[in-house]
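Contents: one structure, followed by commentary.
The first residue in the sequence is number 1, and the count goes up from there. As the structure lists them, so they are numbered: ligands from 1, and atoms in each ligand from 1.
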Amino acid sequence: MTGKPAGGGSEMRLKWAGATDPGLVRLQNQDAMYADPGLFVVADGLGAPGNGDVASGLAVRAMASRSPDSTGALVAAVEHANRVVHTRSVKQAELSGMGTTLCAMAVFDTDDGHRIGLVNVGDSRAYRHQDGRLELLTVDHTRVAEMVRYGMITPAEALDHKDRNTLTRAIGVAAAVEVDDWLLDISGGDRYLLCSDGVTAELSDDEIAEILATQFPAADAASALVRTANEKGGKDNSTALVVDVQITHAGDDGQDEAQQEPAPASGRGDDAGSGAAGAKTGRRRWFSSRRARG
Ligand code: MN
């Protein structure tokens, strides 16, 4: 996506790619993801087989029906997704109790340039890789993460704690949901990762940082993350959505420009190769676990 001038004659470009895989143990992929040039979503469905994928699919499609242009609108979109999933689980007995995590990022055009809004419910995560440093942007809503925050256990003890998969918040399990939100400045040259816990359960932050620092383009990084999760056990579905944000300023020496593709829209689809048409036309797309691959 080529953004409008972000002030001072600068221009923003997004390049993105996602990968998802059921892993080596689970029969079904209950993760879902969605990407268009301005909105990126990862959801990890919870519940019995046949339920979690309904929840994550519904949530992702509900998000995709909105075009949030502020963090308030992004939070409202998550609340909308919560109502959609919860209403369905109440109306359809066999889907009772289904839910999903949801982590989403949107790029906004504000008066003083582009900003990134981020929202999270559950234990999917968003990271930013910038200047060789990996930063966890979201807070996990798990019982174990709370115990670490309150100093009851150490981060090391949390890694194999029996309650590490117990969520304290999820989309669809109740009529209302509390949503964490952040508004981020864009420095340019930032790489963002949205991922399900199938990635973070198998890879350490150092391993994630190494892949994000060395694998280009975004599609290579996304597939490497999912492939490595499988190599390390693949005990859960894993999903990685990598978004590169580049800002070029008028008067730059053109070195950065030369490394970019000439087309104004250079977003890319999943590894199955759905291509950049969606980004170019602005057509919205979502990726079910059935279409995407690792
Ligand atoms: Mn998971």
Side-chain angles (χ1 to χ4, degrees), residues 18-35 40-60 63 78 81-82 85 89 95 97-105 119-127 136-146 158-173 177 180 193-205 207-208 211 222-242 270 286-294:
T20 188
D21 193 88
L24 306 180
V25 176
R26 309 251 169 126
L27 295 175
Q28 189 185 38
N29 193 342
Q30 301 199 329
D31 289 358
M33 64 176 160
Y34 170 84
F40 304 93
V41 187
V42 164
D44 177 352
L46 322 158
N51 285 11
D53 62 319
V54 175
S56 60
L58 281 173
V60 158
M63 292 296 291
V78 178
N82 184 72
V85 177
S89 79
L95 296 175
M98 71 173 173
T100 183
T101 74
L102 196 154
C103 186
M105 177 180 132
V119 282
N120 186 55
V121 173
D123 68 350
S124 296
R125 288 182 176 175
Y127 290 88
L136 175 61
L137 299 171
T138 48
V139 175
D140 291 349
H141 301 134
T142 63
R143 198 171 289 168
V144 157
E146 282 185 1
L159 291 177
D160 55 356
H161 195 282
K162 65 175 172 56
D163 287 335
R164 68 186 180 282
N165 294 322
T166 306
L167 294 181
T168 52
R169 292 191 213 171
I171 296 289
V173 297
V177 66
D180 286 350
L193 167 66
L194 303 184
C195 62
S196 65
D197 69 331
V199 172
T200 52
E202 304 289 4
L203 278 73
S204 68
D205 280 6
E207 289 166 324
I208 291 171
I211 287 171
S223 345
L225 287 161
V226 164
R227 188 176 62 244
T228 307
N230 281 345
E231 285 166 3
K232 300 191 66 153
K235 292 182 283 298
D236 193 5
N237 311 147
S238 63
T239 298
L241 184 51
V242 175
D270 58 21
W286 75 286
F287 301 107
S288 74
S289 53
R290 285 170 290 283
R291 271 186 60 204
R293 57 162 291 272

Open item on the list: Is the shortest side-chain heavy-atom distance between Pro22 and Leu27 below 4.5 Å?
Closed with: no
TODO: State which residues pass side-chain hydrogen bond (donor to acceptor under 3.5 Å, both in side chains) with Thr239; sequence neighbours excluded, sorted by chain then number.
DONE: Thr20, Asp31
TODO: Give me the one residue out of Leu46, Val173, Leu58 that meets side-chain contact (heavy atoms from CB on, under 4.5 Å) with Met98.
DONE: Leu58
Open item on the list: Taking side-chain contact (heavy atoms from CB on, under 4.5 Å) as the criterion, tell me which of Leu167, Asn165, Asp163 meets it with Arg143.
Closed with: Asp163
TODO: Take the Mn ion (ligand 1) as the centre and count protein N, O or S atoms at distances under 2.8 Å.
DONE: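 Step by step: take the Mn ion (ligand 1), keep protein N, O, S below 2.8 Å, and you get 3.
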Task: Derivation and outcome, salt bridge (Lys or Arg N to Asp or Glu O under 4.0 Å), residues Arg169 and Asp180 - done: CA-CA 11 Å; Arg169 292 191 213 171; Asp180 286 350; 3.0 Å; yes
Task: Approximate separation, where rounding is to 0.5 Å, of Thr101 OG1 and Gln30 CD - done: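 Going from OG1 on Thr101 over to CD on Gln30, the span is 11.0 Å.
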